[in-house]
Amino acid sequence: DQQVKQNSPSLRVQEGRISILNCDYTNSMFDYFLWYKKYPAEGPTFLISISSIKDKNEDGRFTVFLNKSAKHLSLHIVPSQPGDSAVYFCAASFSSGGGADGLTFGKGTHLIIQP
Amino acid sequence: EPEVTQTPSHQVTQMGQEVILRCVPISNHLYFYWYRQILGQKVEFLVSFYNNEISEKSEIFDDQFSVERPDGSNFTLKIRSTKLEDSAMYFCASWFRGLAGSNEQFFGPGTRLTVL
């Protein structure tokens, strides 16, 4: 039962170009979405989030877009840098739970930035 | 910058043994969580903890699992009788509970549990 799907296991992007990571969800009750970055042997690191009342949130080189009607979100990284090479996880939650609910994660996309 | 810490980084145990995984959440955070990631699979929610009691738990969190906050800083996950399929990375996370509707959880580096 994959409520959060990341259909691309890996993505290769040239340094300096835009990286676009995609995520789809099936549960329309999700109303808060997050992106995490993970290096090997480390825990997930929070990157950026978006509430379902917005369609875009920007933080430096990172922008998350949310299309509620399509149940789709994407993370844009511009420009891509070698240090961005990592596994990126999309996660979703129900804010109505007040924080009690855990995050539902996708399987992750391994982003590789090539020089 | 404050961070979530976990000990040990790697735990090896025999099947049927009890293990306790330890976490120190960020000090002013109010919600605490345990997740696990079996090799090659996604990160899965186990349990959330608030105000000294379990708030939510997943179907994975059966009677073999328990959580405790024995003092003001530590948050522990106990597996009573480990099985081979408990081998995974276990992540602790915490959340401040800031803006309404937000849920930015901060994760520790994880404990790799190997059950032989």
Side-chain angles (χ1 to χ4, degrees), chain A residues 1-10 23-25 27 29-54 57 59 62 64 66 86-110, chain B residues 1-6 9-10 21 23-26 29-51 53-61 67 89-112:
Chain A
D1 175 24
Q2 284 193 72
Q3 297 190 67
V4 177
K5 301 177 188 179
Q6 293 177 258
N7 291 321
S8 299
S10 66
C23 177
D24 298 292
Y25 61 96
N27 192 333
M29 298 298 291
F30 288 136
D31 58 4
Y32 200 77
F33 304 91
L34 309 93
W35 284 95
Y36 284 83
K37 174 180 178 179
K38 187 180 179 303
Y39 293 117
E42 293 185 12
T45 301
F46 170 72
L47 264 181
I48 192 169
S49 60
I50 188 166
S51 163
S52 61
I53 62 173
K54 295 185 176 182
N57 189 26
D59 183 2
F62 302 92
V64 55
L66 175 63
V87 177
Y88 288 78
F89 291 99
C90 171
S93 70
F94 312 96
S95 65
S96 57
D101 301 290
L103 301 177
T104 301
F105 282 84
K107 287 189 173 182
T109 296
H110 185 191
Chain B
E1 188 174 321
E3 57 183 17
V4 177
T5 59
Q6 290 185 242
S9 57
H10 191 188
L21 309 182
C23 167
V24 178
I26 295 173
H29 284 195
L30 301 176
Y31 275 90
F32 314 115
Y33 309 83
W34 283 102
Y35 292 82
R36 78 172 186 190
Q37 185 181 27
I38 295 171
L39 188 63
Q41 298 188 23
K42 59 182 179 177
V43 177
E44 299 173 289
F45 167 71
L46 293 178
V47 65
S48 62
F49 192 87
Y50 172 72
N51 201 25
E53 59 183 26
I54 290 174
S55 296
E56 292 287 339
K57 57 184 181 179
S58 71
E59 59 273 15
I60 302 169
F61 194 88
V67 289
M89 280 292 287
Y90 287 81
F91 295 106
C92 174
S94 68
W95 177 51
F96 169 68
R97 193 176 186 182
L99 294 173
S102 71
N103 196 357
E104 289 89 359
Q105 297 176 21
F106 291 84
F107 285 74
T111 292
R112 178 170 297 284

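Scope of the values below: all heavy atoms of this structure, side chains included, with no hydrogens, waters or symmetry mates.
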J.: Sort A:Ala91 into side chain, backbone, both or neither according to what part of it lies under 4.5 angstrom from a heavy atom of chain B.
T.: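 Neither part.
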J.: Would you say the ring centers of A:Tyr36 and B:Phe107 fall short of 6.0 Å from each other?
T.: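 Yes, ring centres under 6.0 Å apart.
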J.: Which value, rounded to the nearest 0.5 Å, describes the distance between B:Trp95 atom CH2 and A:Ser93 atom OG?
T.: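 It is 8.0 Å, given to the nearest 0.5 Å.
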J.: Could you pull out the closest heavy-atom pair between A:Phe89 and B:Gln37, with the gap in Å?
T.: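 Distance-wise, the nearest heavy atoms are CZ-NE2, 3.8 Å.
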J.: Pair B:Glu104, A:Tyr32 - check side-chain hydrogen bond (donor to acceptor under 3.5 Å, both in side chains), show working.
T.: CA-CA 10 Å; B:Glu104 289 89 359; A:Tyr32 200 77; 2.4 Å; yes
J.: Given that the side chain runs from C-beta out, which part of A:Leu34 has a heavy atom under 4.5 Å from chain B: side chain, backbone, both or neither?
T.: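 When you check distances to chain B, only side chain atoms of A:Leu34 fall under 4.5 Å.
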J.: How many angstroms lie between atom CD of B:Glu44 and atom CG of A:Leu103, to the nearest 0.5 angstrom?
T.: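 Interatomic distance, B:Glu44 CD to A:Leu103 CG, rounded to 0.5 Å: 13.5 Å.
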J.: Tell me, side chain or backbone of B:Tyr35 under 4.5 Å from chain A's heavy atoms, or both, or neither?
T.: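 The side chain, not the backbone.
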J.: What are the two closest non-hydrogen atoms of A:Glu42 and B:Phe91, and how far apart are they?
T.: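 For A:Glu42 and B:Phe91, the tightest heavy-atom pair comes out as O-CE2, 3.9 Å.
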